Amino acid sequence: MTQEIGGFAALELHPNIVAAVVATGYEEPSAIQQQSIPIILAGHDMIGQAQTGTGKTAAFALPILHRIDPSKREPQALILAPTRELALQVATAFETYAKQMPGVTVVAVYGGAPMGPQLKAIRNGAQIVVATPGRLCDHLRRDEKVLATVNHLVLDEADEMLKLGFMDDLEVIFKAMPETRQTVLFSATLPQSIRAIAERHLKDPKHVKIQSKTQTVTAIEQAHLLVHADQKTSAVLSLLEVEDFDALIMFVRTKQATLDLASALDAKGYKAAALNGDIAQNQRERVIDSLKDGRLDIVVATDVAARGLDVPRITHVFNVDMPYDPESYVHRIGRTGRAGREGRALLLVTPRERRMLQVIERVTGQKVAEVRLPDAQAVLDARIKKLTNSLSPLVADAESTHGDLLDRLTADIGCTPRALAAALLRKATNGQALNLAAIEKERPLVPAPRGDRPDRGERPDRGDRERRAPMPLGEGRARCRTALGARDGIAAKNLLGAILNEGGLAREAIGRIQVRDSFSLVELPEEGLDKLLAKLKDTRVAGKQLKLRRYRED
Ligand code: AMP
């Protein structure tokens with residue numbers, strides 16, 4: 001415990017910030033945090049190359065919180081994020097880390113919500129403003145002094161902001177802030193356009209990049225599954241039904257997650273325990289010994305707690321939460337495939353973490369194949385196989401030991417041997433669903449995020465755009481049409497940016513966007529569509545009215 005507090009305390013952050021971080025359950029800083037925090041604390045400009053999942057939000061949020069003055073009630077730090085969804089996420093992260101800093105307030109500024117309350121929160125003295133560029137420019141048009149006191153600027157996911165067409169807005173925002181400010185830029189990629197921004201607007205920036213050496217992972221079969229964050233536990237439970245494992249280690253990010261997941265597994269009858277930095281050394285050894293000798297089958301651990309764990313029985317590693325970097329992924333999955341055995345590693349990927357998956361594939365030089373959640377039939381087959389395996393060794397001598405009893409019971413009860421065997425099975429399986437209908441009922445099938453979607457920021461192929469038939473429609477989505485197309489200078493990213501910001505949707509809510517010459521098609525959630533279209537009634541893209549309408553497929 002002391003050692004892990006040391007991890008963050010060694011960074012010389014304000015003790016109240018460290019306390020909030022430790023309370024959140026983080027055990028030690030991630031690589032990007034280790035490297036960025038001292039640089040930002042020292043007041044340097046910085047370029048950080050990191051994607052979602054590396055812990056980049058805390059990498060800038062913690063030192064920025066340290067550097068602001070809570071007694072001054074005026075905007076001091078501005079964080080720009082490409083979408084409303086990310087802005088809200090970043091604002092929430094700031095609030096969490098500032099929990100023990102009385103007087104610090106955070107405001108999220110994004111499109112699709114009324115401007116008045118946002119401006120009021122800024123004027124009331126929020127020190128941290130987290131904003132999408134489009135909406136912030138709207139505020140600047142009303143009050144050009146709004147950013148005059150900001151002396152820390154963070155561009156989060158800068159490459160995404162440019163993809164969404166925010167370049168001009170960024171220039172307006174830069175101009176509205178004091179030149180003496182500190183500027184920190186985070187981006188997953190550093191194309192020329194980002195370097196140009198850095199050259200113009202950052203002063204002698206330090207570079208931080210998590211170095212990734214190519215790593216080899218042989219004898220381990222790897223797969224990934226796309227899930228929404230709130231469906232991880234049920235995904236894990238489904239996977240466990242069909243995976244043929246001996247012992248298994250699951251990795252999560254926080255102490256709380258080790259406890260929650262271990263108790264969910266325990267409730268389903270698995271022999272599972274949590275392993276985190278709060279667990280005393282002797283208890284930790286007991287857990288590992290139990291995993292070795294089979295008293296436990298599953299350990300749910302944080303990276304810190306699993307250090308040095310070497311249990312040959314482990315056949316599977318589940319990365320329930322994404323590791324911070326490819327090295328730690330390789331390290332984690334190396335827990336299986338020990339002593340030349342084959343192992344299997346599964347990685348759960350939320351929609352926002354797809355890019356991290358690509359980085360892992362690049363660094364390990366291996367494709368991590370996509371798997372789907374088992375369907376009801378697969379679960380049924382696996383359950384019956386388990387039952388068969390557990391009963392078949394018992395059959396051999398059962399008739400000689402219990403055959404006479406069976407005869408007597410069937411006579412006493414007045415039933416057939418089949419009826420009695422069925423009753424015993426029902427008792428032995430303890431209410432477990434063992435037919436398709438019952439399994440389907442117990443597992444409401446939630447559609448997984450789609451894995452085959454191209455990056456929406458990309459421009460679709462030119463060429464025979466008009467003739468191509470619309471793609472098949474995703475589940476729960478409706479197709480909408482606008483008369484704006486490529487000939488109006490529209491690209492998919494413009495449509496995406498407008499709909500995200502004006503419609504207030506999460507990025508995942510928007511499906512495929514197809515831009516043709518004289519029109520475009522956009523997949524939107526069927527649920528609440530009419531309201532959304534009403535909201536977008538006056539939206540303009542490239543200076544023209546979007547006029548999005550439901551598209552009839554016939
Ligand atoms: P980000 O890359 O900023 O989107 O962070 C990804 C996730 O990692 C978030 O859910 C954070 O709460 C979590 N996280 C960030 N830093 C740490 C840390 N040092 N220890 C554990 N979890 C962390």
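In each ligand, atom 1 is the first atom listed, and ligand 1 is the first ligand listed. These numbers come from a predicted model, not from an experiment. Numbering of residues begins at 1 and proceeds along the displayed sequence.
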**Message:** If we ignore hydrogens and angles and just use 3.5 Å, is the side chain of Q182 paired with the main-chain N or O of H44 as donor and acceptor?
**Reply:** yes
**Message:** The criterion is ring-ring contact (aromatic ring centres under 6.0 Å, His included); which residues satisfy it with F245, sequence neighbours excluded?
**Reply:** none
**Message:** Going by side-chain contact (heavy atoms from CB on, under 4.5 Å), name the residues that satisfy it together with R286, two or more places apart in sequence or in a different chain.
**Reply:** Q283
**Prompt:** More than 12 non-hydrogen atoms from neighbouring residues, nucleotides or ligands closer than 6.0 Å to NZ on K271, yes or no?
**Reply:** yes
**Complete:** By chain and number, the residues contacting ligand 1 below 4.0 angstrom (heavy atoms only) are F8, Y26, E28, P29, S30, Q33, T52, G53, T54, G55, K56, T57, R253, Y324
**Item:** Non-neighbouring partners of D260 that pass side-chain hydrogen bond (donor to acceptor under 3.5 Å, both in side chains), sequence neighbours left out
**Value:** Q256
**Crowding at CD, E199 (>12 non-hydrogen neighbours, <6.0 Å)** = no
